[in-house]
Amino acid sequence: MKIVSIGGGPAGLYFAILMKKADPRHDITVLERNRPDDTFGFGVVFSDATLENFQEADPETYAAITRAFAHWDDIEIHYQDQVLTSTGHGFAGLARQRLLDILQARAAELGVGLKFSTEVDDPSAWAGADLVLAADGVNSFLRARYAEHFQPQIDWRPNRFVWLGTTFPFRAFTFLFKEGEHGLWRVHAYRYDERFSTFILEGTEAMWRLARLDGADEDETVAFAEKLFARELDGHPVLKNRSLWRSFPTVKNGRWHHDNIVLIGDAAHTAHFSIGSGTKLAMEDAIVLSRTLREDHDVGRALATYEAERRPQVEALQRAALTSLEWFEQTERYQGRLEPVQFAFSLLTRSLRVTHESLKTRDPKLVATVDAWVADKAAQQSRVAVPAAPPPPPMFTPFRLRELVLANRVVVSPMCQYSAADGTPGDWHLVHLGSRAVGGAGLVMTEMTDVSREGRISPGCTGMYKAEHVTAWKRIVDFVHAHSGARIGIQLAHAGRKGSTRRLWEGIDEPLPDGNWPLISASPLPYFPHSQTPREMTRPDMDEVCEQFVRAARMADDAGFDLLELHFAHGYLLASFISPLTNRRQDAYGGSLAGRLRFPLEVFDAVRAAWPAGKPMSVRLSATDWREGGLEPEDAVEVARALKAYGCDIIDVSAGNTVPDQLPVYGRLFQTPFSDRIRHEADIATMTVGAVVSYADVNSIVAAGRADLCVLARAHLWDPYWTRHAASEQGVTLPWPDQYVPVTGFTPRA
């Protein structure tokens, strides 16, 4: 096979090595625009797990790399004049030029043709090749030439950074957070050999401009860094590195291959330096691509297999990298709100890939310190004694909302069951909610419960608009209070334009084939084109709906509920006023965010006045519509601030489901960053929901301050006793109902 690699960085060189090693008959040429000793960047970082992959792929390069790297286990975080150290992480630093030297030597040894100082701007450079590797980096010539096929998407991030070096030998992977004249600067620093360290300086664009670094040359940038971090550098110089301030580009592509051309490394994808090395990703690409070509000699099929296998892995890492880089972009939100120990834990778990449990395996001493801190804060906040030695896991600390104290941080999410008779809950609801309360959750929420018959989603939805509803709900509330330590909340709503539809299993959001009832909404816009068109609400309609919510709230109090939540999310009636996608009104209830929020706040205010002062209220809020022109996370912060001013105690942070053509970004804990932002920027307690599935997730979220409560839906459908099982696995004993006392001491067997 004739192979041409456009680009002689780690991706192209390593792929050439692996292919030539697999079959010396391959004719492989690497074309590189730079000289062999001309590279950008001082050092690269590999985890121990990555190095194990290299050992299996090519033991010779692995041995050379391990002889050259600087290894460390510790991470040091400098924040508010404190230094917090975490150990057990296992990283290796290596000079980028040394890595290239190793790969170049190995490639030459195997017979790969290496051509440096060679610009490639003509197809004749790869004419006759069976395979062409686009390994030419972020600014890939090949990707640009065939852009209509690769469909590149580049997102330039707002922060500014400069990649420097220093002779100061940092003993650990070090994060420095330092307040300067113009704001908070961040440094990512690590030693890559015995004499030198990488020193990446980062800050917001606004701060960068205020410091007049937007016009600074290399010497001025170096002088600024040396002055600001003189104490930390202890007299060591900062080194230039063609040190240009830049923004980080997140690169994605619609396709990774076209004909016999394939993207690899930074040409295909990037991941922010705060989570790991792009070099790691590039070399792992090379491993997978070389294997697929060895297993299938049909180049087209092999490239398709490479992309199918590698893309999900890369996209998962890119999601984590995006969460990580956003943490650094928004570090200011934690200033003054997170104490150093919680700040450090938040940083270490920022990508959401490192959890309380995995960090406990690496560094049990640090996690014990975090747990003790969380327990102490929980005792102060809840005014309930919490064991100090040993402290409970964060998820089993109490939390207070007004006069309501929850025993732990686990919430059973509102989950529509579509099994009511004209709004009346029955035996199914008693068992559904009762079993999950006995299962150990701190708070159990009813499904979306509608304030009028016309406000239901479907004929099977529960309601709170008839006297018999109070009786039926009270039966369930009394069971929860009598037989568990859980508290129970009701979620009140009106379906608006998403009403008069079929049950979930009959076709979610699809209109009823017959028996429809009239719909109302902020504006006369159907959900689907074939859905019923709602009537635009008039002022008398608003008065009527407000009265329905107030009536339902009073009935909920009569039924004994502990907490009341209003549904301002997912495109239902109150949410339809908030989103600009569903509110096209020209009166005082449309237009600006303040106008769109006017009616929902009227409802909240009226319900808060009718609901007992000692009982808390929450609001479920869609933090984003996931559609251009819709509600954005910064808008959600403003909504949360307004709700707090009106007496809301906690925001139940969700996302999307406003319009059917949304473009959601799913993944593990995909909505938690929205909760984190609202909690810190609006200064209000939050609940987070969305792919929270493990007790490690709950512990991590609570300990890092990303939310105060964690709301689980599918996990509780799968296992009503999820909280008890989480307690058992962590050595926590929860009290059992008297009827279940015989289970005490029982050890389940597989």
Side-chain angles (χ1 to χ4, degrees), residues 77-82 84 157-161 175-188 201-211 247-248 272 274-275 319-352 354 370 373-374 377 381 593 621 623-624 631-645 648 650-655 669-688 690 700-710:
I77 301 161
H78 297 238
Y79 174 71
Q80 292 186 350
D81 294 322
Q82 291 192 32
L84 294 97
R157 303 304 304 182
N159 268 17
R160 295 287 180 158
F161 72 94
F175 295 103
L176 306 174
F177 297 89
K178 191 161 190 178
E179 191 78 31
E181 180 184 352
H182 305 98
L184 184 70
W185 293 94
R186 306 85 150 131
V187 166
H188 313 244
L201 179 60
E202 179 185 5
T204 65
E205 179 161 355
M207 186 170 65
W208 172 70
R209 292 189 183 279
L210 283 172
S247 300
F248 185 83
H272 192 249
S274 65
I275 195 174
R319 285 194 296 271
L322 178 62
T323 304
S324 177
L325 76 86
E326 286 177 343
W327 192 96
F328 283 99
E329 288 171 355
Q330 304 295 335
T331 308
E332 282 79 4
R333 76 165 60 128
Y334 305 117
Q335 278 183 282
R337 288 195 54 83
L338 297 187
E339 295 182 24
V341 65
Q342 190 174 38
F343 181 89
F345 186 85
S346 177
L347 184 151
L348 292 169
T349 59
R350 67 193 177 279
S351 71
L352 308 181
V354 175
V370 170
W373 182 89
V374 172
K377 293 298 178 182
Q381 191 272 344
L593 179 60
L621 182 65
T624 175
L631 201 73
E632 296 290 347
E634 56 267 29
D635 301 320
V637 171
E638 292 304 315
V639 175
R641 286 176 177 148
L643 286 165
K644 180 184 178 183
C648 183
I650 189 167
I651 303 294
D652 182 359
V653 184
S654 187
L669 308 182
F670 65 104
Q671 292 175 152
T672 297
F674 302 135
S675 167
D676 189 332
R677 180 170 187 173
I678 289 171
R679 184 177 188 270
H680 291 100
E681 294 186 11
D683 193 24
I684 189 170
T686 60
M687 302 187 239
T688 186
S700 302
I701 290 166
V702 173
R706 296 187 173 98
D708 300 280
L709 302 174
C710 292

- Message: Please find the pair of heavy atoms, one from Ala640 and one from Ile678, that lie closest to each other, and give the distance.
- Response: CB-CG2, 3.6 Å
- Query: Under 4.5 Å between any side-chain heavy atoms of Leu347 and Thr331, yes or no?
  - Reply: no
- Main-chain N/O of Pro633 paired with Arg677 side-chain donor or acceptor, under 3.5 Å: no
- Query: Are any of the side-chain heavy atoms of Arg337 and Asp683 separated by less than 4.5 Å?
  - Reply: yes
- Note on the structure: Output for pair (Leu184 CG, Glu202 CD), nearest 0.5 Å, gives 10.0 Å
- Task: Nearest 0.5 Å please: distance from the OG1 atom of Thr672 over to the CD1 atom of Ile701.
- Result: 4.0 Å
- Query: For the residue pair Ala707 and Ser675, what are the closest heavy atoms and their distance?
  - Reply: CB-OG, 3.3 Å
- Task: Sequence neighbours left out, what passes ring pair (Phe, Tyr, Trp, His ring centres under 6.0 Å) with Tyr79? Give chain and number order.
- Result: Phe343
- Inter-residue atom distance Glu205.CD - Leu210.CG, 0.5 Å rounding: 11.0 Å
- Task: State the OG-CZ distance between Ser346 and Arg706, to the nearest 0.5 angstrom.
- Result: 4.5 Å
- Task: Answer yes or no: is there a side-chain heavy-atom contact under 4.5 Å between Glu681 and Gln330?
- Result: yes
- Note on the structure: Heavy atoms of Asp708 and Ala685 approach each other most closely as OD2-CA, 3.1 Å
- Item | Partner set under ring pair (Phe, Tyr, Trp, His ring centres under 6.0 Å) for His78, not counting sequence neighbours | none
- Task: Check step by step if side chain to side chain contact (heavy atoms under 4.5 Å, CB included) holds for Asp676 and Arg333.
- Result: CA-CA 10 Å; Asp676 189 332; Arg333 76 165 60 128; 4.1 Å; yes
- Of all heavy-atom pairs linking Ile275 and Ala320, the shortest is CD1-CB, 3.5 Å
- Task: Any chance you could lay out the side chain to side chain contact (heavy atoms under 4.5 Å, CB included) test for Met687 and Cys710, step after step, and finish with the verdict?
- Result: CA-CA 6 Å; Met687 302 187 239; Cys710 292; over 6 Å; no
- Task: Give the C-alpha distance, both sets of side-chain angles, the deciding distance and a yes or no for side chain to side chain contact (heavy atoms under 4.5 Å, CB included) between Thr688 and Val653.
- Result: CA-CA 5 Å; Thr688 186; Val653 184; 5.7 Å; no
- Item | Interatomic distance, Arg160 atom CZ to Leu201 atom CG [nearest 0.5 angstrom] | 13.0 Å
- Task: May I ask you to test the Arg209-Thr204 pair for a side-chain heavy-atom distance under 4.5 Å?
- Result: no
- Message: I want to know whether His188 and Phe328 have ring centres closer than 6.0 Å.
- Response: yes
- Do the side chains of Tyr334 and His680 get nearer than 4.5 Å, heavy atoms only? yes
- Message: I need the Leu621 CG to Leu631 CG distance, nearest 0.5 Å.
- Response: 7.0 Å
- Message: With heavy-atom distances below 4.5 Å as the criterion, would you say the side chains of Asn159 and Arg186 are in contact?
- Response: yes
- Considering residues at least two apart in sequence or located in another chain, which fulfil the salt bridge (charged side-chain N to carboxylate O under 4.0 Å, His left out) criterion with Arg350? none
- Task: Could you tell me which residues satisfy ring pair (Phe, Tyr, Trp, His ring centres under 6.0 Å) with Trp185, sequence neighbours excluded, listed by chain and number?
- Result: Phe224
- Message: Tell me every residue that passes salt bridge (charged side-chain N to carboxylate O under 4.0 Å, His left out) with Glu632, counting only those two or more places apart in sequence or in another chain.
- Response: none
- Message: So does Glu326 get a backbone contact from the side chain of Arg157, meaning a donor-acceptor N/O pair under 3.5 Å?
- Response: no
- Residues in ring pair (Phe, Tyr, Trp, His ring centres under 6.0 Å) contact with Phe248, at least two apart in sequence or another chain: His272
